[in-house]
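By convention in this document, chain letters (A, B, ...) are assigned in the order of the sequence lines, proteins followed by strands, and residues within each chain are numbered from 1. Just so we're clear, the structure is a prediction, and the values are computed from it rather than from any experiment.
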Protein chains: 2
Amino acid sequence: MIKVAIVDDHKILTEGLQGLIAESGIATVAGVAHSAAACRLSIGFWKPDVVLLDVGLPDGSGIDLCKELKTQFPGMKILALTTHNEYTVVRQMLDNGASGYLIKNAMADEVLAGIQAVAAGKTFLCHEIDLLMKRPQEKNIWLSQRERELLRLVTEGLTNAEIAEKIFLSPETIKGYRKNLLLKLGARNTAVLVKMALEQKLI
Amino acid sequence: MIKVAIVDDHKILTEGLQGLIAESGIATVAGVAHSAAACRLSIGFWKPDVVLLDVGLPDGSGIDLCKELKTQFPGMKILALTTHNEYTVVRQMLDNGASGYLIKNAMADEVLAGIQAVAAGKTFLCHEIDLLMKRPQEKNIWLSQRERELLRLVTEGLTNAEIAEKIFLSPETIKGYRKNLLLKLGARNTAVLVKMALEQKLI
DNA sequence: GCAAACACCCCCCTAAAGGGGGTTTTTATC
DNA sequence: GATAAAAACCCCCTTTAGGGGGGTGTTTGC
């Protein structure tokens, strides 16, 4: 029997999930955590085979927690379960060691299929995410670390001069990055840049 | 017995909810719709007393659907059930006739309490939203229709001249609105303005 | 009846962003 | 060891945004 832990702050969803998993007979729920902190405290005791992990936790990012868990328990499989269907989020989760990715509007039976697949060492993407990851790559934007950092500072409203001072670079360099970001995202100005950054969760 | 309909595209959540409501004994689930279109088709047959309505539907806004349902079926009670905890969203839902508002990380028993309360003609806000609505009003930003329209055009990257042309106003008027928006939201420039607009769902 | 909020318009001036063109070094990846 | 991508840097010039003023009339709610 597969041992599953659920980490998600949506209590209504976790209650439903517990029932769903228990009834299926393929797995048991070893524990439920509603925050990253609660997860860190208990996960060592639960020793689950599979962790159903949300991305948007109240006290931190599931993306970071995923990396943390995989470092501490390399054998533990992470199955992301979130509302986010943005390329950047999925890619970061997979880069950080997640074995699978489900979105919350997937069918209930995809959850069970996902649990079984990742427990068996396979990777599992729900249908919609599978399509997303297979799109022509020019539609799935991927930024370098530096570009992400810059984009974050731009969205916070810093001017080129301020950014330059903050990260010890020339204002002209910042300008170059901004131009490049506009080009890369196909944005005509800062307003659209910020919009895309937030909508596509690029930062 | 209270008759409830669920309109939400998160299938995992709706499955869980159905069980939860059925087990409680206080209500029955008359039907489930995973989209606004499906809801429009079936709601007349179901004739529920209470509709659990999500804001973020795949084919439209729950805010608009709420207004629509209240116009067509004034006696039907709408109980919003969403992830959004932004003042603007809550206020728009309530203005459009919703009797209650739950966020998805509320406790499961709040759902049942909410259903009973709105069915009895009362209004019901879950704890977190109740706190939000009672905050000092300067923290809860509310924009006029015109301001929202302008903000939307700004986030789409239009320049003052383009906006002026589009909505037949003087570019100087647009400039005035922008200045006022910056002041009202406490944003130092367009980047922050766009960020706040999206984060607080002002548009 | 009167204040407050909304909608509308104009001036001047400076700061910042955007569009064009470049260069070099480092660091992965094949 | 070649190739490519990321990272850092620079100049010129034009357009747009932002900061500071000023003002009008019209709804809307108490």
Pairs: protein N or O with nucleotides 16-22 of chain C N or O, under 3.5 Å:
from: C/dA17; atom 1: OP1; to: A/Arg178; atom 2: NH1; distance (Å): 3.4
from: C/dA17; atom 1: OP2; to: A/Asn160; atom 2: N; distance (Å): 3.1
from: C/dA17; atom 1: OP2; to: A/Asn160; atom 2: ND2; distance (Å): 3.3
from: C/dG18; atom 1: OP1; to: A/Thr190; atom 2: N; distance (Å): 2.6
from: C/dG18; atom 1: OP1; to: A/Thr190; atom 2: OG1; distance (Å): 3.0
from: C/dG18; atom 1: OP2; to: A/Thr190; atom 2: OG1; distance (Å): 3.0
from: C/dG18; atom 1: O6; to: A/Lys175; atom 2: NZ; distance (Å): 2.5
from: C/dG20; atom 1: N7; to: A/Lys179; atom 2: NZ; distance (Å): 3.2
from: C/dG20; atom 1: O6; to: A/Lys179; atom 2: NZ; distance (Å): 2.2
from: C/dG21; atom 1: O6; to: A/Lys179; atom 2: NZ; distance (Å): 3.4

**Message:** Under 4.0 Å from OP1 or OP2 of C/dA7: is there any side-chain N or O of B/Ser144 that close?
**Reply:** yes

Side-chain N or O of B/Thr173 less than 4.0 angstrom from OP1 or OP2 on C/dC8?
no

At a cut-off of 3.5 Å, list every protein nitrogen or oxygen paired with a nitrogen or oxygen from nucleotides 22-27 of chain D, distance to 0.1 Å.
none

For [X] and [N], give me the distance from atom [atom1] to atom [atom2], rounded to whole Å.
X	N	atom1	atom2	value
B/Arg148	C/dC6	CZ	C1'	13 Å
B/Phe168	C/dC8	CZ	C1'	16 Å
B/Tyr177	C/dC10	OH	C1'	15 Å
A/Gln145	D/dA5	CD	P	19 Å
B/Leu193	D/dA17	CG	P	12 Å
B/Leu153	D/dA17	CG	C1'	16 Å
B/Ile174	C/dC8	CD1	C1'	10 Å
A/Ile163	D/dA8	CD1	P	13 Å

Among residues at least two apart in sequence or on other chains, which ones pass side chain to side chain donor-acceptor pair (under 3.5 Å) with B/Asn85?
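Testing B/Asn85 for side chain to side chain donor-acceptor pair (under 3.5 Å), a comparison that skips the adjacent residues, returns B/Glu128.
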
Looking at [X] and [Y], does any basic side-chain N land under 4.0 Å from a carboxylate oxygen?
X	Y	answer
B/Glu162	A/Arg188	yes
B/Glu110	A/Lys11	no
B/Lys104	B/Asp8	yes

Are any of the side-chain heavy atoms of B/Ile141 and B/Tyr87 separated by less than 4.5 Å?
->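 No, side chains not in contact.
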
### Message
A side-chain contact here means heavy atoms from C-beta on lying under 4.5 Å apart; do B/Lys70 and B/Met76 qualify?
### Response
no

Report task. Please name the residue in the list A/Thr123, A/Leu79, A/Val89 that meets the side chain to side chain contact (heavy atoms under 4.5 Å, CB included) test with A/Tyr101. Result ->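 Considering A/Thr123, A/Leu79, A/Val89, a side chain to side chain contact (heavy atoms under 4.5 Å, CB included) with A/Tyr101 is found only for A/Val89.
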
* Okay, side chain of B/Asn105, backbone of A/Asp9: is any donor-acceptor separation there less than 3.5 Å? ->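 Not a single qualifying donor-acceptor pair exists.
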
| said: Need one value for B/Ser170: base, sugar-phosphate or nothing, where a base atom within 4.0 Å counts as base even if backbone is also close, heavy atoms only. | reply: sugar-phosphate

Establish, from distance only, whether the side-chain atoms of B/Thr88 and B/Arg148 form a donor-acceptor pair under 3.5 Å.
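No pair is found: no donor N or O on one side chain lies under 3.5 Å from an acceptor on the other.
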
